[in-house]
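Following: one structure in C-alpha cells, then a few remarks.
Naming convention: chains lettered A, B, ... in sequence-line order (proteins, then strands); numbering from 1 in each chain.
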Protein chains: 2
Amino acid sequence: MAEAEIRISRKDAILDAAEANFAEHGYDGVTLRMIAKDAGVDVALANYHFGRKHELFEQTFQRRAEILNKWRLDALEACLKQAEEGPVSVRDIIDAYLRPLMTGPHLKEPGWRNYYGMVAYVNSSTAWGGQLMSRSFDPAIDRFIEALQDALPEASDDAIYWGYHCLSGALTLAFAQTGRLDHLSKGKVCSTDLEGGYLQMVDFITAGFERIGQR
Amino acid sequence: MAEAEIRISRKDAILDAAEANFAEHGYDGVTLRMIAKDAGVDVALANYHFGRKHELFEQTFQRRAEILNKWRLDALEACLKQAEEGPVSVRDIIDAYLRPLMTGPHLKEPGWRNYYGMVAYVNSSTAWGGQLMSRSFDPAIDRFIEALQDALPEASDDAIYWGYHCLSGALTLAFAQTGRLDHLSKGKVCSTDLEGGYLQMVDFITAGFERIGQR
DNA sequence: AGTATGTTTCAACAACTGTTGAATAAGCGT
DNA sequence: ACGCTTATTCAACAGTTGTTGAAACATACT
C-alpha cells in the first residue's frame, strides 16, 4: 500500500507545509511547530534542512518564483518573436504577463494557490515587500518594462512604471483571494475565479497602458 | 514647558504606537510590549483600555476608516451634484475615489502613513482581508460602484467589479510603500510619492473603465 | 559485519507571549 | 479632607517561541 503511493521527501513536505501556513497567516503568524506538525516531522528537522525560520520562508518563496518567471518570459519571447520587426501589441505583452499565472491547470493545485497567497503577503508587506519581491522577480519584470517602453514610445517613464504598479497591485490582490469581491458584489463575482478575473483584467489593464501611450 | 506642549492622552498614545507597529510588522509581528514601550506606558494598560489584542487592532484600524470614508463620499457627492442630471464622467468618479486619499496635507502626518500601511496589510491578508475590509469600507464603496454602473450602462457586472478590483489593488499597493518601484525604475520613480502616483493612476484607471463601457 | 555519512528525533534551553488580579495613583465632586 | 470612580502600574501566571547539542536511526560503501 505504502509503496503504491508516490511519497515525497520529508524536506519537500516541510516546504509544502510551510507554504500553506505562511500563505494563510504570514511570517510571524506561523510557528515552526505548526509547520512540523503539518509535515508530520519533528520541529528540529526544519532547522536541519533550512537553517533559521527566516531562511525557510525565503526558500519556500523562491522555489516557485523561478518556475513562474520562466513561464512568463517564455510567453513574452513567443509574442515578441511572433511580431518580428513590426511593433508588438500592448495587449500581447499584458497577456504574456497575466495568462501564464492566472490560467492553466496549475490553478487546481493547492500548492500553487498557497504560493499565490504568499506572494500577496510579501508584495504588500512593508517589511519584506521591496527587497524580496525585487530579488525574486525584477530581472524578469525588467524585460516586460522594456517591451512596454518599445510598444509605447510616447509614454513617460512615470506613466510606464506607475502603470506597471497598477498591474502588479491588481494581480497580487487577486492572488490574496480574500473573498472581498464576493461580498461586495453580493455573490455575482467570485474572487477565487482567477480565470474569470484574467479575462477582465487583460482588457482593463491594456486600456490603461494604451491611453498613456497617446501623449 | 510641559504645559506648553499639547499632550495626547495615554489612550491615544497607545493607538498611535499600535498603528505604527502594526503597519510595519503586521498583527502577529507586534507584541503588546512593543506597543506599550513606544507609548511609554505599562503593558497592562492596553488591555485595560481596549480589551484583547485583537480588539486593539480592529479599533486602531477603524479609527481612521470613518474619516476616510467621509472624505471620499463628500468628494463623490460633490461631483454627482455638479453633473446634475447629465451623465457623470468616469474620471470624476475615479478622482473622487483617489484624490482625497492620495493628495493633501495629511500625507505629511506619520499617523496617516502608518495607517495606510495597515490598510495594505489588511487588504491582502488572507486571514483578515475579506472580513475587516468589507466591514470598514464596503458601505462607501457600494456608492462608488453604483456611480460607475450609472456612468457605464453598457459594462457588465463582471467588468465593473474586476475593474474596481484593479483600482483597489493599485491603491493599496501604493499604500504599502515598499520601495519596489524605486528599485525597479532605478530611482526614476519614487513609491512614497503618492501625489505623483495619483496623477498617473487617475489616467490609467479611468482609461480601463472607459474601455469596458464601450461594449 | 563494520563503518562512515547523512537524517531524524528527543529533551531541554532561556526568552518571550497575552492576559489577569491585586495594589497604587490620580481626578473630582462634595 | 473625604469618598468614589477612573487610570495606571506591578508582579506574576501558564503556555509558547526559535534554536541547539546530543542521541538514535537509516543508508550505502567496503
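In terms of the salt bridge (charged side-chain N to carboxylate O under 4.0 Å, His left out) criterion, residue partners of B/R99 (sequence neighbours excluded) are, by chain and number, B/D95. Judged as a ring-ring contact (aromatic ring centres under 6.0 Å, His included), and not counting sequence neighbours, the contacts of B/F144 are B/Y97. Contacts of B/F209 classified as ring-ring contact (aromatic ring centres under 6.0 Å, His included), with partners at least two apart in sequence or in another chain: A/F204. Partners of A/Y161 according to the ring-ring contact (aromatic ring centres under 6.0 Å, His included) rule, which considers only residues two or more places apart in sequence or in another chain, do not exist here. Not counting sequence neighbours, the partners of B/E58 by the salt bridge (charged side-chain N to carboxylate O under 4.0 Å, His left out) test are B/R135.
Within the structure, side-chain hydrogen bond (donor to acceptor under 3.5 Å, both in side chains) pairs that include any residue of residues 28-42 of chain B comprise B/N21-B/D38 (at least two apart or interchain). The side-chain hydrogen bond (donor to acceptor under 3.5 Å, both in side chains) pairs that include a residue from residues 165-175 of chain A are A/N123-A/T172, where partners are two or more places apart or lie in different chains. A side-chain hydrogen bond (donor to acceptor under 3.5 Å, both in side chains) check over residues 107-120 of chain B, counting only residues at least two apart or in different chains, returns the pairs B/H106-B/Y116, B/R113-B/Q177.
On the nucleic acid side, DNA chain D has its first and last nucleotide under 4.0 Å of a heavy atom of chain A at D/dT17 to D/dT20, going 5' to 3'.
Near DNA chain D, meaning a heavy atom under 4.0 Å away, the residues from residues 12-32 of chain A are A/V30, A/T31, A/L32.
Looking at B/K81, its side chain never comes within 3.5 Å of a backbone N or O of B/L76 through a donor-acceptor pair.
A/K53 forms a cation-pi arrangement with A/Y27, by the criterion of a distance under 6.0 Å to the ring centre and an angle within 45° of the ring axis.
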What's touching nucleotides 5-9 of chain C from the protein side, N or O pairs under 3.5 Å?
| from | atom 1 | to | atom 2 | distance (Å) |
| --- | --- | --- | --- | --- |
| C/dT7 | OP2 | A/Y48 | OH | 3.2 |
| C/dT8 | OP1 | A/R10 | NE | 3.2 |
| C/dT8 | OP2 | A/H49 | NE2 | 2.9 |
| C/dT9 | OP2 | A/D42 | N | 2.9 |

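With a cut-off of 3.5 Å on both pairing distances, the Watson-Crick and G-U wobble pairs of DNA chain C assemble into stems of 3 or more at C:1-6 with D:25-30, C:8-28 with D:3-23.
Ring geometry, A/Y121 versus B/Y121: the interplanar angle exceeds 60°, so the pair is classed perpendicular (tilted spans 30 to 60°).
Looking at heavy atoms from C-beta onward, A/Q131 lies out of side-chain contact with B/T178 at the 4.5 angstrom threshold.
B/M34 has its CE atom 8 Å from the P atom of C/dT17, to the nearest Å.
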